[in-house]
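Data first, discussion second: the structure below is written as structure tokens.
What you see below is based on every heavy atom in this structure, not just the backbone, and it leaves out hydrogens, waters and symmetry mates. In what follows, residues are counted from 1 in the order of the sequence shown.
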Amino acid sequence: MGMDVGLGQWLKKFALSIILILCCQIVFAKPQIANLDEQVQVEIGDYGWLYQPTTSALYEKSSIQPTLTNITAFSLAIQPHSKYFSTYSKKIAIPENLVGKWLSIFIPYQNSISKVSINGTPLVRVIQNDKPTAENEYSISPRLIFFQADDKILNIEIELIDNLNTKYEQNVSYDLGQSIVILKAKDGYQKQYRDFLIRTLLAGGILIFGIFTTLFAYYLNRQTYYYFIGILSIVVALRSSFATPYIYTLVYDIDWQFAVRIEFILCVLMAAIFINYLKDLYAKYFSKKIYILAVVLLMILMLVIIFTPPVIFQRVFLYVISILFLMTLYSFYIGIKILREDRNAYPVSYLWGICVVDFAFLHDFFLYYQVIRTIDITLALVAVYILYVVFTMSILFARQVGNIERLNKNLAEANTHLDEKVEQRTEQLIQLNQRLERQSKIDALTGVYNRGYLNKKLEEQYIQAVVQTEKMSLMMLDIDFFKKYNDYYGHLQGDELIKTIAQAIIKNIPDSAFLGRYGGEEFVVILNNTHAEECRQIAQRICWQVENLALEHLGRPNDPQIVTISLGAVSIYNVKRYQNVFEILQLADTLLYQAKANGRNQISFWKDI
């Protein structure tokens, strides 16, 4: 917002400077003296013209004596006493050294001049038919005429024919736009095409900007501010092609009435776009009734322009636009009201931009209808405002690109950290899954494999023994008189005993063996590809090891009153004889009960060769 306020202050000062310069030009402008002594160009003054009415299509002079009159640089009018024709003449003196040299005379745009002569020699004829009929075709573009001065005194005559009065019988004013200018031949050529070039470059730049801004707003879904600026720029650029100095005449040969109609239609579109922009920008403050009134007036004006001739719609345009220009004052009022009530509601630059555009439209309106005498500034001020918008958009883009770069950098750093964290989390997850998998296999009390995983392992070992024709040895054991131990010492002490017995078994079996808790105080040991004698020795070692622990068991009914185990072991050489592993497990269980029946604290072993 600080940057925007600074730009708003800059734009305000610039606009005020332009307004001050133009006001000084309006107030202090004076007619130039017709003298070519040291000047490259001279404007033929608006004062001291002789007016002579003509009475026929052959430009025969009337009996009325010539009168001294003044004409503005903006209009040549059919004077009283002459229904169709008027002649204006003026004499100027040129230096001796220019006699015989080629000079040029620049005539601004016109739609009524029939003939321009210097010292009685016709230099240009705008219409081909001297009769004031509706069939005459008028040119509205500026003209540059080259001539050779054959005398020190130049008598300039402008003969007018009023084509439109024959149909509408009313006085019509014909614009010249600027004073007629005499220049050196080379300077005249440069002046004409310099004006065309400057206008073309400005209009082309504004048109390109308008297209870009409109597409920018459309594809990036920006706020409607950019839509209005883009479309308004396009219309302003197109309208400038049909306004002074009529750039379109370089490319197309269009009837001047059609060209004027297009210019006025584009003017109405400019007003409509600008009013809608104000309505959108000041939605909270803009009166709905005023908006509807403006839209209705513009619609009526558009219909009048389309369906009536220029002499009518130009006058209607004057009246309607005069009313609509109250909108300019209204927009000023709203802007001041917003600044007083809430400075943060809208950027100050928006308000000053609107003021600049309002001033440009208002100025050119008065210029067109000959209220003031300056130059057309709409295109220039719109170009200035566009430069401001381009500047603010550049700042916006720069900030966005900077933000994107920072975000990308932060994102890259975050991705790096994320990769590290993902790697860490993945490792932790793997470890956790391994832990969960192990926990799902391990008996919580003893730390050996549980019944579920024991069953799975039994089936795997059975299938392996069948496929690879290996031997399979299996042991099942439990603690003697364990129920009486629990009754005597309690269940917690019983759990400690189970854990102690599990550790004693682990210490006396090979690393390749598999130990699982079958349930309660019962355990199962799987020996892979083990000979019968080795299986028997391992079983006997386990039994002796537990006895040697000499763990007290005062709850048992016989001696010795220590903890012992009973064990059933089986070694199978041809596993295929058995339908499944559980038949072998059942055999080991039978041998376990046989050991108990024989007095406990012993093994019962059987081998199936």
Side-chain angles (χ1 to χ4, degrees), residues 30-62 64-73 76 79 82 85-130 138-161 174 176-196 245 249:
K30 295 181 180 180
Q32 298 186 15
I33 301 174
N35 188 352
L36 294 177
D37 290 339
E38 300 295 337
Q39 301 179 21
V40 176
Q41 75 174 48
V42 62
E43 294 184 4
I44 309 304
D46 301 332
Y47 300 90
W49 287 83
L50 287 176
Y51 164 68
Q52 175 69 51
T54 54
T55 57
S56 72
L58 299 178
Y59 297 98
E60 296 176 356
K61 300 296 174 63
S62 69
I64 301 175
Q65 292 296 319
T67 57
L68 190 64
T69 185
N70 299 331
I71 62 171
T72 68
L76 295 174
Q79 299 286 342
S82 175
F85 306 100
S86 294
T87 300
Y88 293 86
S89 62
K90 185 174 185 178
K91 293 183 179 181
I92 64 171
I94 63 174
E96 292 282 353
N97 62 342
L98 293 181
V99 176
K101 300 292 181 66
W102 281 97
L103 303 177
S104 62
I105 181 169
F106 177 77
I107 303 176
Y109 67 90
Q110 71 290 315
N111 54 31
S112 65
I113 295 178
S114 173
K115 187 167 56 179
V116 176
S117 303
I118 294 182
N119 292 343
T121 302
L123 299 181
V124 63
R125 184 183 295 272
V126 177
I127 57 175
Q128 303 302 320
N129 190 349
D130 284 339
Y138 289 82
S139 170
I140 198 171
S141 61
R143 289 182 177 270
L144 183 66
I145 307 165
F146 297 95
F147 67 97
Q148 191 173 22
D150 56 2
D151 196 343
K152 181 179 178 180
I153 303 298
L154 300 181
N155 182 32
I156 303 173
E157 286 190 349
I158 301 175
E159 297 180 351
L160 305 181
I161 180 171
Y174 301 97
L176 280 177
Q178 302 171 358
S179 295
I180 297 176
V181 179
I182 293 181
L183 311 96
K184 294 181 180 178
K186 180 181 177 182
D187 295 338
Y189 181 82
Q190 291 178 345
K191 171 181 171 53
Q192 183 178 23
Y193 287 96
R194 182 176 62 248
D195 293 343
F196 277 115
T249 59

*Apply side chain to side chain donor-acceptor pair (under 3.5 Å) to N119 and list each qualifying residue two or more places apart in sequence or on a separate chain.*
D150
*Per the side-chain contact (heavy atoms from CB on, under 4.5 Å) rule, which among N155, I156, L154 passes with K91?*
N155
*asked:* Strictly distance-based, threshold 3.5 Å: is any side-chain N or O of Q148 a donor or acceptor partner for the main-chain N or O of K101?
replied: no
